[in-house]
Amino acid sequence: MILTQLGKYKINAWLGGGQFGDVYLAWDTILEREFAIKVARMREQDIVMLKDEAKLLASLNHPNIVRFFNIDIIEGKLVLVMEYIKGKSLRDMLTKGKLPCDKAIHYMVQMLDAIHYAHTRGVIHRDLKPENILITSDDTVKITDFGLGKFVREGSLSASIAGTPIYMAPEAWRGKFYQQSDIYSAGVIFYEMLTGKPAFLGDSLDDIREKIFNSYPPKVTIFNPKVPAHIDKVIRKAIDKDPEARFNTADEFKSAILSPGRKTGVAVEVVKSPTEVFEEEITLTPQQEEIINSDAPQILVLGGPGTGKTVTLIYRVAKLLREGEDPGSFLIVGFTRRAVDDMRTRLEHIIGKELRNLVIDTVHTLAYRILKHDGKRLGFKEDFSIINAWHVLRSIAKGEELSRLEAMLERIELYKANLISPERAKQLARSEWDHECAEIYDKYQRALKDKQMMDLSDLIYYSVQVLREPDIGTHYRDIYKWVFADELQDLTPAQYELIKLLAGGNIFFTGDENQSIYSWRGGMHRFRQRVERDFPQVKVYLLTNNFRIPKKILNAAQTLVSKIEGETHPSISLRETEGKIELQSYENESEEAWQVGAQIEELVKKHGFKFSDIAIIYRINAISSVFENTLSSFNIPYMLVEGETFYARREIKRCIKFLERLTTGSYQGMVDFIMWVLMLPKTYKKCFGIKNKQIMLKGELPNTLDKEKLTSYLERFNTILREPSQFGVSEILEIVLIDSGFVPKLKVAQEISDINRAYNLEELINAARSFGSGEIREFLNHIALLEELQVAQWGKDTVKLLTAHQAKGLEFKVVFLVSLTDDIFPLMRATLDPDELDEERRLFYVALTRATEHVYLSYPRLRYTRKMKPSRFLFELAGL
DNA sequence: TGGTTCCGGTTTTTT
DNA sequence: ACCGGAACCA
């Protein structure tokens, strides 16, 4: 039925529809004016006429609220008469993804003004959602449908669907509405404006409800690093489950957004990925489109850095998902945790929903899961532990010289990376050294298995063994119809084999032989032949358009790798800027560091770069110290991207050790641990003793200690020691780190390093919370696989100091590639072996191609008193 | 035997 | 400062 006339209203156009009803553009034939009228799609008996309420609504008059004129029942239909606004709804704007941060804030401020105005007049909106927020062409916000929910009879079908659940506060689900319920909805809308993703998503209503009641969405800054750090906290407060804990008024909410300053402590943003790919709409090239839409079941995509390999991979996955392929039949493997998290975020962004059944993981995580499930076939129980190879190796090869032991460990890793069993290693041994290594390897593997332990490379090695069992392999291959692996050049043969064994039909690989920088630990840098041999039907595509790297830099980098024998596939820069690449030599190291500092200062002060646009990249960690010192004397904020994994940090190690002790029941070091969390000086050590796995106080306690408080805390601590398994991991960590006062005290400490420790520990607690319930042992394994939580703080505006290896996969506007002498880059020992020299060359290539605008190359002429030769790679670069 | 204290030795080029 | 293992004690 098409409406043309409704009472005195002539219907001119349909403006939109929603759950409540349809909105029409109408002409009042009596007043001769345009109105928007909303005709409710509901039965008359479900409508309550609240005269006073209608009057109240009609009295609202605010620039950011759609004027409400009248409510009427015409021909048995509820009709709402409102001001007609030309504009789009926020919902329409959000379908194109997130809004720029300043725009989102601009809208938010107007919304909160409107909400505050209504609240002071006693009107609660009750159903704030993007559909109800109109935006005119001059970016004025107009909120519509204020308080209309009230006209629907409680308990009617319409009432129960009136609210849009994903924007509804938890208490609103129970039918309670406060002003804070609007604040909550505004917070959730703000979240969506900034990220382009709803804060709560789920497959079903129950699923959503569960999340709204029990969880908080990831931080905004994870999806959009450009958002100022304080916004995360503001949103978190606005959407607290407890209405009391939210902002009291919309005005308070507004000022919190606008004034980031009034806070104590140091704001550390936790941003897992520095990528800002979502900023622009991605335009795909015809080359990429061809790959994405290819019918070939087996695909290999080759292309240099910045040619969009990963994007192509993701868009192909997205395309297949849109065509209705089951997310559960996909397996996507990435090289690092960061790469994996990045891919998932991008993919979910494109698809617009969470993809929980879809497996995107690092090879190690994948392997861990396989072995937990099927490791029993090899004699491993479900609760095997992941350990650090070094300690065990040392204990079984006592008396070995450390340098030899180190070499042996390297050899063992290579055996496993190439799927060579201890028996085979013995057969292959030619020299005395080979025999020794093979012997130790055998011993080491037996020792680990005895203790139900595995190191990281065992995860891969044993998974391959398990998957070679026909029944198990078939089982997985039946599941994974679509297998994708990124960065093939850095995978070891064992990892590649693992992926192959899982692939049940279609494969999609990407890689770049020129970016292979891990062959020293088994990465197979010549992967193309191998893929073509294993998959004779494979279709090979080349990506030759470069989106990231400007011409000059790209040319220099490509000239460098063209010296390497073998195939290269150069790309052509699509960037408009030429780019800049400069070489400087300096008297010595400190002069070099000083000049770099001066240039950074100038780039920031005169040329508008941010510190976070800049990276200093070097070959080895030892180089960093000169630069650290100089940067601090320049007052340039910097961040050292440590080689240390999160897991290796002192405070984290200590906690992990503690958890480990809980699982083994050997409580050595407990007294030290509890003194550490209670921040007691060592002198009090004699006051504590351990008896029957319980910490006791003994002897005279100094007056400085509050005996009662201490005793009651020890009581709690001891309950953990008695029955660790009664507690969840996060519970244990909370009692030990937070309730002890440790983290709270660290947070307000003077030292930045203490504050950072506090954040690291909080990060650990978060990891435990999101890990959920599970054995302590399992949590420890889980942590061991999270290689790089350390990238917390990426969002801070600091210059990054990092090695060329660490720089892989990152990009910066300005790169200072420093200390380019012929003994450091390439490393002296690599110059003797042509293969190793090539790897150094590729590493140099990787470092150069991190830059999207400027590259500054430099080297010191003297190191200490020794004369240095410039890196041979400098001579190879074009135009220098 | 299990629990506690004492003693001595400490990986780096790149994950 | 920290950890593993030997030595020592109930």
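Throughout, protein chains are lettered first and strands after them, A, B, ... in sequence-line order, and every chain is numbered starting at 1.
Not one N or O on the side chain of A/Asp486 forms a donor-acceptor pair closer than 3.5 Å with the backbone of A/Thr510. The backbone N or O of A/Ala830 sits nowhere less than 3.5 Å from a side-chain atom of A/Glu840 that would complete a donor-acceptor pair. Although no hydrogens or angles enter the test, the distance criterion places no donor-acceptor pair under 3.5 Å between the side chain of A/Asn418 and the main chain of A/Tyr415. A side-chain donor-acceptor contact under 3.5 Å links A/Ser740 to the backbone of A/Phe742.
Pairs of Watson-Crick or G-U wobble type, with distances under 3.5 Å, assemble into runs of 3 or more in DNA chain B at these ranges: B:1-10 with C:1-10.
Distances were taken from every side-chain heavy atom of A/Arg394 (C-beta onward) to each of B/dG3, B/dT10, B/dT15; the shortest belongs to B/dT10. The A/Glu406 side chain lies nearest to B/dT12 when the options are B/dT12, B/dT14, B/dT5. Taking every side-chain heavy atom of A/Ile690 into account, B/dT5 is the closest of B/dT11, B/dT5, B/dT15. With distances taken from any side-chain atom of A/Asn388 to the nucleotides B/dT5, B/dT11, B/dT14, the minimum falls on B/dT11.
Side-chain atoms of A/Thr831 and A/Arg872, non-hydrogen and from C-beta on, do get closer than 4.5 Å to each other. A 4.5 Å side-chain heavy-atom check between A/Leu502 and A/Ile370 finds at least one atom pair inside the cut-off.
Here the P atom of nucleotide B/dT10 and the CH2 atom of A/Trp390 are 10 Å apart, to the nearest Å. Nucleotide B/dT15 holds its P atom 18 Å from the CG atom of A/Asp455, rounded to whole Å. Atoms CD (A/Gln806) and C1' (B/dT15) sit 9 Å apart, rounded to a whole Å. The distance from atom NZ of A/Lys693 to atom C1' of B/dG2 is 9 Å, rounded to the nearest whole Å. Between the CG atom of A/Leu414 and the P atom of B/dT14 there is a distance of 17 Å, rounded to whole Å.
Nearest-nucleotide positions on DNA chain B place A/Phe688 closer to the 5' end than the other of A/Phe688 and A/Arg619. Comparing A/Val671 and A/Ile620 along DNA chain B, the residue whose closest nucleotide (by nearest heavy atom) sits nearer the 5' end is A/Val671.
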> With the sugar-phosphate defined as primed atoms, P, OP1 and OP2, and the base as all remaining atoms, what B/S/- string results for nucleotides 3-10 of chain C, 5' to 3', for protein heavy atoms under 4.0 Å?
Replying inline: -BB-----
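Stacking here means ring centres nearer than 5.5 Å and ring planes tilted less than 30 degrees, and by that measure A/Tyr518 does not stack onto B/dT14.
For the pair A/Thr803 and B/dT12, the criterion of a side-chain N or O lying under 4.0 Å from OP1 or OP2 is not met. Distances shown here put a side-chain N or O of A/Asn621 below 4.0 Å from the OP1 or OP2 atom of B/dT14.
On the P atoms, B/dT11 is 15 Å away from C/dC2, given to the nearest whole Å.
For A/Glu778, there are no side chain to side chain donor-acceptor pair (under 3.5 Å) partners, not counting sequence neighbours.
Neither side chain, A/Glu513 nor A/Gln515, offers a donor N or O lying under 3.5 Å from an acceptor on the other.
Dense packing is recorded around NZ of A/Lys693, with more than 12 heavy atoms of other residues, nucleotides or ligands lying under 6.0 Å away.
A cation-pi contact links A/Arg521 to A/Tyr518, judged by a cut-off of 6.0 Å to the six-membered ring centre and 45° from its axis.
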